[in-house]
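These figures come from a predicted structure and were not determined experimentally.
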Amino acid sequence: MTDSHGDSLRQAALDYHEFPKPGKLEIRATKPMANGRDLARAYSPGVAEACLEIKADPQSARRFTARGNLVAVVTNGTAVLGLGNIGALASKPVMEGKAVLFKKFAHIDCFDIEVNEPDPEKLAEIVCALEPTFGAINLEDIKAPDCFIVERICRARMNIPVFHDDQHGTAIVVGAAAVNALHVAGKRFEDIKVVSTGGGAAGIACLNMLLKLGVKRGNVWLCDIHGLVHEGREVDMNPEKAAFAQVSDLRTLGEVIGGADLFLGLSGPDILKPEMVTQMAARPIVFALANPNPEIMPDLARAAVPDAIIATGRSDFPNQVNNVLCFPFIFRGALDVGATEINDAMQVACVQGIAELARATTSAEAAAAYRGEEMTFGADYLIPKPFDPRLAGVVSTAVARAAMETGVATRPIEDLAQYKADLDASQFKSALLMRPVFEAARSASRRIVFAEGEDERVLRAAQAILEETTEQPILIGRPEVIARRCERAGLTIHPERDLTIVNPENDPRYRDYWETYHSIMARRGVTPDIARAVMRTNTTAIGAVMVQRGEADCLICGTFGEFRWHLNYVTQLLQDETHHPHGALSMMILEDGPLFIADTHVYSRPTPENLAEIAIGAARHVRRFGLTPKVAFCSQSQFGNQAEGSGQRLRAAIALLDRAPRDFAYEGEMNIDAALDPELRERLLPGNRLEGAANVLVFGHADAASGVRNILKMKAGGLEVGPILMGMGNRAHVVTPGITARGLLNMAAIAGTPVAHYG
């Protein structure tokens, strides 16, 4: 790394911490504080009621306070990352970062607490005194052997989980990586020889975890800066190290490495030499976890033994052993069952959950976060990535189950399957709102054809469809390309076994397809030669022909290209007397709930008739999500205060709707703030027809609708479900190029809903 590049990275990191406001955390209120009534409830006199309830029943603190979801990250700064004893204050950025990870990955609130107390027993006293505030304690970056003392005292005296992540978090992730490394190497824990360097907290905890997983104590050889830990040694010893002392005349790493199946390094750079790797057993496993520079660089280890299985602590090499795979989720499970401790069974359950997830198909979200990396289970993919959203459901459920089975859960969960489903929903913003749509889709097995069947997002969606629904995905694409990309993405589906493939280059139905297309388009300038060319090259047209012929129930297209280009072929082939596009509806999932936007794509300047159809269609689709539609027609004009512009067309649309009874509430035309603020709207038009905030915004210009949709995505963190093409009888949907694999799965569920469910 050049000096200028290093300086650039350093400045970028400093800017990240300083701007736009210092630090990585802030406190946000979860209840309104807008008037005297709120104040009286939040503080005096109303707060006394909550206090009295907790005094009468201490367990009710989790009902009336944040304690049940609150963790403390506590340190004295004596062993911070690779920086050493930098003190409590200098450790604060690390602890804030840990708190951010708790929130990001497991929705756990966290306070970082840095304590100027080097004495381990006094530090333990301070931590124990914090018990009324927190639901659990995460000890962090306390030097060995002091960390053993602090944790031992706290666990004995406190009735909440106390977990030293440097020890047990590292041990759990190492354990998961070891489980899968042995799986790849074809070895068993009870048979292997382990050689480890580093007698600190993490190293000792990792060795203890390996013992829990089946390694024999006599097969463990621990070395530190003074050489082999052996019986009779007095230099730099403590009870934790002494438990691994060997009866041996050997003294150095080089002397004990021979025949080792697993090298476990938690020490310093360049400790393990290439010639030592060649002395290890066949298919050696090398976990060189020192940061930032490992005990041996992976390229050197692989040059020495090409089939070595290697993990490091770095993100720029495969198999990063990262504690974030563990601590958010083990705490999530422990908090949710009210565990009084995190015991061995819970830790082993965490190990197995992480390991099993790596052996499963890689999630689309993880693949998107680590674009370009190969994530197929094997020597270079032993453990899942931190951004795999399935970790919460898999790992936390396993931890909760273990806590219940071992009797440390004070609030057992009755339905663990539902608990896992809820955790999954917490990771996928769309899951809760999409639940009724998925349930409706399971009532029928519809055939969904994807025009862009070679796209990795489509392939991942197809796998999820097969796993989560009864729908039958049909992919348009070249079979050999689909097979190759499935393998590269680590998917278990195979085109010949699991999927129906339509190959544009060679399909026996080609003649039938082009003749069908020509018969429909013959008097619109399409010759037989053009029809043949379209059916060889235009996958959207091919998919539309399949739906028109009854060989598929719905087409999904648009992962590349322009919306109206795809819509043109959809309408050419699927529009008839009863079906024509009414508009495109996007559901934007925001922090405070969903907001539907229309028409975002179909009509640039919809007529009053178009707008009335858009409102009717939007109301119908909103009900599919289990919601009551409240439609606001939005414009620069406000209840008739501008004679021209979009307000004129919106008023005409409302007049059309007023001609017949409607089963949904609508009002307009109005500004967006009036639509979303019922008090403002009531001041402007007392007695208006809407109650509460509108949840459907209908615009008179596609520019306005599309602009609001994109602003909500980019600036408000909105997650889009859609666009949903209304009016086509659920026979086609045109998505947008930015859609994710999860978005395609959601659209498949919408496409998979029988028409009877939504009209």
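Under a 3.5 Å cut-off, the side chain of N291 and the backbone N or O of G313 do form a donor-acceptor pair. In terms of modelled atom types and a separation under 3.5 Å, the side chain of E131 and the main chain of N159 share a donor-acceptor contact. Side-chain N or O atoms of Q463 include one that pairs as donor or acceptor with a backbone N or O of T492 at under 3.5 Å. Between the side chain of S91 and the main chain of V80, no donor-acceptor pair closer than 3.5 Å is present. With hydrogens and angles disregarded, no donor-acceptor distance shorter than 3.5 Å links the side chain of E341 to the backbone of V162. Side-chain N or O atoms of R359 include none that pairs as donor or acceptor with a backbone N or O of F377 at under 3.5 Å. Distance alone, capped at 3.5 Å, places no donor-acceptor pair between the R157 side chain and the E125 backbone. Of the possible donor and acceptor atoms, one in the side chain of R411 sits under 3.5 Å from a partner among the backbone N and O of L335. Remark: side-chain polar atoms of E295 are paired, donor with acceptor, to backbone N or O of A290 under 3.5 angstrom. In terms of modelled atom types and a separation under 3.5 Å, the side chain of N180 and the main chain of A355 share a donor-acceptor contact.
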R390 and E467: CA distance, side-chain angles, deciding distance, salt bridge (Lys or Arg N to Asp or Glu O under 4.0 Å) verdict = CA-CA 14 Å; R390 300 170 300 176; E467 293 173 349; over 6 Å; no
Might you work through the side chain to side chain donor-acceptor pair (under 3.5 Å) test for H17 and E96, ending with a clear yes or no?
-> CA-CA 10 Å; H17 284 81; E96 283 191 357; over 6 Å; no
Please step through salt bridge (Lys or Arg N to Asp or Glu O under 4.0 Å) for the pair K24 and D112, ending with a clear verdict.
-> CA-CA 11 Å; K24 298 190 285 283; D112 62 295; over 6 Å; no
Under the side-chain contact (heavy atoms from CB on, under 4.5 Å) criterion, do I108 and R332 qualify, and how do the steps go?
-> CA-CA 7 Å; I108 293 173; R332 180 75 278 158; 3.3 Å; yes
After noting the C-alpha distance and the side-chain angles of L210 and V194, does the key distance pass the side-chain contact (heavy atoms from CB on, under 4.5 Å) rule?
-> CA-CA 9 Å; L210 293 176; V194 177; 4.1 Å; yes
Chi angles and distances behind the salt bridge (Lys or Arg N to Asp or Glu O under 4.0 Å) call for K122, E117 | CA-CA 7 Å; K122 290 181 180 178; E117 182 49 74; 5.1 Å; no
So L213 and Q352, side-chain contact (heavy atoms from CB on, under 4.5 Å) or not? Walk me through it.
-> CA-CA 10 Å; L213 294 173; Q352 299 296 349; 4.1 Å; yes
Begin with the C-alpha distance, continue with both residues' side-chain angles, and end with the deciding distance and a verdict on side-chain contact (heavy atoms from CB on, under 4.5 Å) for K212 and V351.
-> CA-CA 11 Å; K212 296 170 192 174; V351 168; over 6 Å; no
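Separating the CZ atom in R401 from the OH atom in Y419 is a distance of 11.0 Å, to the nearest 0.5 Å. F134 CZ to D109 CG: the interatomic distance, rounded to the nearest 0.5 Å, is 11.0 Å. Note: N69 CG to R62 CZ = 9.5 Å, rounded to the nearest 0.5 Å. Separating the OG1 atom in T410 from the CD1 atom in I160 is a distance of 11.5 Å, to the nearest 0.5 Å. Residue L382 holds its CG atom at 13.0 Å from CD1 of I354, rounded to the nearest 0.5 Å. Here the straight-line distance linking atom NZ of K713 with atom CG of N710 works out to 5.0 Å at 0.5 Å rounding.
Among all heavy-atom pairs drawn from A403 and V337, the shortest one is CB-CG2, 3.8 Å. Closest heavy-atom contact between P118 and D146: O-OD2, 3.7 Å. Among all heavy-atom pairs drawn from P294 and A288, the shortest one is CB-O, 3.3 Å. Residues L266 and G203 approach most closely at CD1-CA, 3.8 Å, considering heavy atoms. Across all non-hydrogen atoms, the minimal contact from T75 to E140 is OG1-O, 2.6 Å. Between I113 and A72, the shortest heavy-atom contact is CD1-CB, 4.1 Å.
More than 12 non-hydrogen atoms from other residues, nucleotides or ligands lie less than 6.0 angstrom from CE of M33. Counting heavy atoms of neighbouring residues, nucleotides and ligands inside a 6.0 Å radius, atom CG of L14 exceeds 12 of them. Around CG of L83, the count of heavy atoms belonging to other residues, nucleotides or ligands within 6.0 Å exceeds 12.
Side-chain contact check for Q320 versus V173: every heavy-atom pair is 4.5 Å or farther apart. Side chains of F263 and V286 form a contact here, defined as non-hydrogen atoms less than 4.5 Å apart. At a threshold of 4.5 Å between non-hydrogen side-chain atoms, the residues T312 and P298 count as touching. Considering only heavy atoms from C-beta on, K98 comes within 4.5 Å of N138 through its side chain. Residues V324 and K385 fail the side-chain proximity criterion, which asks for heavy atoms closer than 4.5 Å. You'll find the side chain of I330 reaches within 4.5 Å of the side chain of I342, heavy atoms only. Using a 4.5 Å heavy-atom threshold, the side chains of F163 and C326 count as touching. Contact check for E121 versus I149: side-chain heavy atoms found under the 4.5 Å cut-off.
Residues D7 and Q11 bring no donor and acceptor atom of their side chains to less than 3.5 Å of each other.
Aromatic ring centroids of F327 and F102 lie under 6.0 Å apart.
Ring-plane geometry between F329 and F105 is classed as perpendicular, the angle between the planes exceeding 60 degrees on a 0 to 90 degree scale with a lower cut at 30.
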